[in-house]
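Everything quoted here is computed from the prediction, not taken from an experiment. By convention in this document, chain letters (A, B, ...) are assigned in the order of the sequence lines, proteins followed by strands, and residues within each chain are numbered from 1.
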Amino acid sequence: MPEISKSYEPRDVETKWYAAWQEAKCFAGVAAPGQETYTIVIPPPNVTGILHMGPVLNTTLQDALIRRARLEGKAACWIPGTDHAGIATQTMVEKHLKKTEGKGRRDLGREEFLKRVWTWRDEKGDHILKQLRELGCSCDWDRTHFTMDPGYSKAVLASFVKLFAKGHIYRGKRMVNWCPVSLTALSDEEVEMRPTKGHIFRLRYELVEPSATTDADGNVVPLTHLILETTRPETIAADVAVAVHPSDARYTHLVGKSVWRPLGERVQIPVIADEAVDPAFAAGALKVTPAHDKVDFEIGQRHRLPVIDALNADGTMNEFAGPELAGMERFAARKKAAEILQERGNLIEAKPYENNVGHSQRAGVPIEPRLTQQWWLRYPHVEEAKAVVRDGLIQMHPERWSKVYLNWLENIQDWCISRQLWWGHRIPVWYAKGVDREKLTEADLRDPTKIHVSLDGPSDPENWIQEDDVLDTWASSWLWPFATLGWPDADAQAKAGFNQFYPTTTLATGADIIFFWVARMIMAGLEFAKPGAPVEERIPFKHVYFNGIVRDKQGRKMSKTLGNSPDPLDLIVKYGADGLRFGLLQIAPLGQDVKFDEDRIESGKGFCNKLWNACRFRQMSGPMSDNSSLAAILARLDPAHFDDDDHAILAALLDTTRTLEKSFADFEFAGATQRLYSFFWNDFCDWYVEVAKTRVQDPLAKDHALAVQDLVIRQFLLLFEPFAPFITEELWSLLGYAPADKRFLQDTRLETAEALAAAIAARGTPIDPAAAGRVEQLKQVASLARQLKTEQSVPQKRDVKFFVLAHQAEWLALEKNAAKLARLVGAADIGRTTDKLALPAVVTPLGTLFLDTGVKIDSAAERTRLTKELDTVTKHIAGTEARLANEAFTSKAPPAVLEGARRQLADQRAKAAELQRLLSALV
RNA sequence: GGACCCUUAGCUCAGUUGGUUAGAGCGUUUCCUUGACAUGGAAGAGGUCACUGGUUCGAGUCCAGUAGGGUCCA
């Protein structure tokens, strides 16, 4: 048996075991026929990403779940992989190209550019997956997927073809969110509303025919201009009307008249009436610019107005913006437009203004509403997707997120799935040569002579041109739970065990992608996986666990751009992977955000060290007997030597086991880690191991006492492994828990609390639940004795003498434990007295304890001390008496509570009486 | 504007169906290097559980409102 070193050094242990696990294929997701499965698909990180604290938390949770499932004997399968992350990756490579070669993607052409992206991916991709190994993640690496792999791509294209065939996909010219930096359309979900400071411009539009109106006092006043306000004067040249509310009495007589457009070509534009105008905003008139605003576009549609597009794709103004602005960048043009309007007398004032402006989540710039041809998806199975969550087939943890989910589905809009990018799945649509794509009608889309939609393309490719656009990244990742299990290829599905592992069990992710990903996966699962099967077999997962967001000390989200995320690999070096994992989970309550605190990670490391040393001490305490199975250890227990401490620690062990069972069922990881911590540190190390030292020195009791420790440590390692796989594996091996044929901890099944209790009982020693109470009394005696020493300024180590004044029953309880107690409190001896002694004293549940300090008692100090104690007790007595005197309480409180209060009162009264006697005995 | 979350010790946070004197880690004070661990042990200090009202025999916990902080949707 190798000796355990003085302190835990994680790094070597981690590398050694991870290699061994991989070598032995410990993480392979393989299900025996009929075996219960537990499947998790990893939220695929960006292929070029690196590990940050968010994914550390997220993957640690998944690893804990999957490892626990393995220990429970389930076929656990954790599927890893990465996402090609269309815009993010393309942007990254474009930047790199610009920097190193001074070229843009168009300089290279599509094919060459894509080659570069693949090279980039091959060189720098999957880094994050390697980092997950450092963390100890037990993914089935042989199942690693990438959303651009051939098999996965086939799934993506197949899903498009299927949805197109069913009429869910159409092409349409609509207002989209346009990113002028990435030069692509974005889905609504990729647009982030940000409060943005700018100006609002109050303008006058001159009426072609001057008119009149009535003012607030009823006087008729001349009206030569319409007043309106806009934040975007640069688009005025694209105005096609001015709208007022139909019931706005100030302007009804103007409807049908015209105003002069103040910028661009000097033309007349009509005044129209539309319900969408808010008469309370500004002066109640609205400039209508259909090309550059969603509401304006809708107004334009209703009134059959023309559309003038004054912007280029890259956000610069075109010739329709007027000669003064053409070619300018949009924000410069805004300034310029204001200047021109000022000169022409159209600008009344420019006021500072803050409003919400849609920004591209990726590029961080304001998006432009833009009218373009795009591919759209009408979501399939929307109603069913609501039902599966409402009916609990899919459970969200915490449950409240289901409301957010349902609310989104209630207001769902068609999904713009095309992107004007190159890096992604090129849409499997071919246009017949000569067909004008801009003018395709709904009927044309269904005409196979004009449009070809298939996986493999047309048989006569020379007559067709493929669509340039690629699919939104999320239109590939929404297939993740089944495309990673071989869908849609039957052979691949059989090989991957699709039927056993789908539906997956738990999805662990952040609530920030509930719309992007979670909701869409549910709809995709219902649509594609196991067609025709009952709904519970089509859903992609049964549980969704939303982990919190890891924030920095100031509460800010950790992000690359802020640079406020510590490098997890540094933390692993500093505290060990187990320390990092355990520390992080301690502060990750169910679905609450976590403010990262490195101290907690340090405490995680400290806990590992404590475990390490406890095991080291066990090894030093005596020979390691047969630990190779639960039965072997149980056989070493001697029912004749079972004492209260054994009963109490085993009861706590069972309770901890039970707590962990519940914690895992409820996804309460913080509760689980806290229980493990307090059980091992407080119950086991601080008390049990300490009191057992006495028995370990007794040749008769030694074997039994060590067997109890071995039993506790064994079960603890099994419970702890999902959180700290490395140190537990190492100790499992060092302490001889691994039988010859089962080398790894994961090869042993975790006993349930019930099974373990039964196994212990079968040894003839059922756990005595009353023992814990007696041990608790002893703990109090020890604590009070130490307190007394501290108060009397007696150094801890000094072996003083205690006397106890106690009734026979109390004395017997004490006497039985006198040796332990003496060791615990640092006493040479604990003797009995039948009289009050002129010594400092403390009243304990097992009698009055006198401390022989060897110096003369300071009566005044002692009186003060006892009086203070008596005051406290008296206060409590008064409180309890008042409660018990309340008839409402005694008649309504449950018996257990009542009984507790009565006992407490009796105890406190006895204590008060004793304190009074001690006081009166003081000279 | 709608929805949700948070507010507990100096700091970061637990506190699961309401029930004795509200807990942990870090920090802090005093003592201890006694053969597992100073990455440790012992003893302490530190909290009107944001505020107001309500329900209840009993509220950190349930309800309503207020204030402050945060998130999502429009």
Side-chain angles (χ1 to χ4, degrees), chain A residues 4 6-8 188-189 192-193 356 398 400-401 403-404 406-408 410-411 511-512 514-515 548-549 551 553 555-557 575-576 579 583 586-621 659 662-663 666 668 670-671 673-675 677-678 681-682 685-686 689-690 693 782-791 793-799 823-826 872-873 875-876 879-880 882-884 886-894 896-905 907-908:
Chain A
I4 298 179
K6 190 171 154 79
S7 70
Y8 176 52
D188 292 343
E189 287 69 33
E192 199 171 270
M193 300 308 280
N356 276 327
R400 61 186 149 87
W401 289 110
K403 204 171 160 181
V404 176
L406 290 169
N407 189 264
W408 184 74
E410 290 295 339
N411 301 295
D512 50 338
I514 190 165
F515 311 135
I549 294 166
R551 300 178 175 279
K553 276 214 155 163
R556 299 175 306 178
K557 209 167 158 173
Y575 305 109
Q586 268 186 299
I587 49 174
L590 181 61
Q592 274 321 326
D593 288 357
V594 291
K595 248 184 241 177
F596 181 73
D597 182 0
E598 198 167 318
D599 284 346
R600 301 305 285 254
I601 309 302
E602 195 173 355
S603 124
K605 181 191 178 188
F607 186 56
C608 289
N609 194 61
K610 187 73 182 177
L611 170 64
W612 185 259
N613 273 289
C615 291
R616 176 167 179 257
F617 182 58
R618 162 61 193 93
Q619 204 184 40
M620 291 164 66
S621 299
T659 302
K662 189 169 165 12
S663 301
D666 297 343
E668 290 274 12
T673 51
Q674 281 165 19
R675 180 71 184 137
Y677 188 99
S678 70
W681 205 309
N682 304 130
C685 293
D686 290 349
V689 173
E690 289 303 319
K693 280 176 180 171
S783 176
L784 289 162
R786 287 162 174 162
Q787 204 177 325
L788 189 59
K789 276 176 78 176
T790 304
E791 276 164 358
S793 303
V794 178
Q796 301 278 325
K797 68 170 180 181
R798 191 169 139 189
D799 282 354
R823 170 190 280 276
L824 279 173
V825 304
T872 313
V873 175
K875 225 175 271 170
H876 286 144
T880 316
R883 270 203 309 156
L884 283 166
N886 184 349
E887 197 271 333
F889 173 69
T890 50
S891 63
K892 289 187 185 172
V897 173
L898 211 52
E899 170 60 20
R902 288 197 175 116
R903 199 175 39 233
Q904 188 199 351
L905 183 60
D907 290 350
Q908 298 284 341

Indicate yes or no: at least one non-hydrogen side-chain atom of A/Arg400 is less than 4.5 angstrom from one of A/Val404.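 They are not in contact (no side-chain heavy atoms under 4.5 Å apart), so the answer is no.
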Once you apply a heavy-atom cut-off of 4.0 Å, does [X] come out as touching a base, just sugar-phosphate, or nothing?
X	value
A/Tyr8	nothing
A/Cys615	nothing
A/Asn411	nothing
A/Ser7	base

Dot-bracket notation for RNA chain B is requested: 5' to 3', Watson-Crick or G-U wobble pairs only, both distances under 3.5 Å, with ( ), [ ], | and . as defined. (((((((..((((.....[...)))).(((((.......))))).....(((((..]....)))))))))))).
Any donor-acceptor pair under 3.5 Å joining the side chain of A/Glu690 to the base of B/A36? yes
Span that lies between the [atom1] atom of [M] and that of [N], in whole angstrom:
N	M	atom1	result
B/G60	B/G18	P	13 Å
B/G41	B/A22	C1'	26 Å
B/U33	B/U8	C1'	37 Å

Can you work out whether A/Lys662 or A/Lys6 has the more 5'-proximal nearest nucleotide on RNA chain B? A/Lys662
Hey, which sits more toward the 5' end of RNA chain B by its nearest nucleotide, A/Gln787 or A/Trp408?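 That would be A/Gln787.
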Quick tally for nucleotides 19-24 of chain B: nucleotides whose base has a protein heavy atom under 4.0 Å get B, sugar-phosphate-only ones S, the rest -, giving BBB--B
Tell me, please, which residues at least two apart from [X] pass side chain to side chain contact (heavy atoms under 4.5 Å, CB included).
X	value
A/Cys608	A/Tyr8, A/Asp578, A/Ile727
A/Gln674	A/Ala670
A/Ser678	A/Arg675, A/Asn682
A/Lys693	A/Phe617, A/Glu690, A/Arg823

Indicate whether OP1 or OP2 belonging to B/G25 is found under 4.0 Å from a side-chain N or O atom of A/Trp681.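 For A/Trp681, the contact criterion (side-chain N or O under 4.0 Å from OP1 or OP2 of B/G25) is not met.
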Given atom NZ of A/Lys403 and atom C1' of B/A3, what is their separation to the nearest angstrom?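 So the two atoms are 6 Å apart, to the nearest Å.
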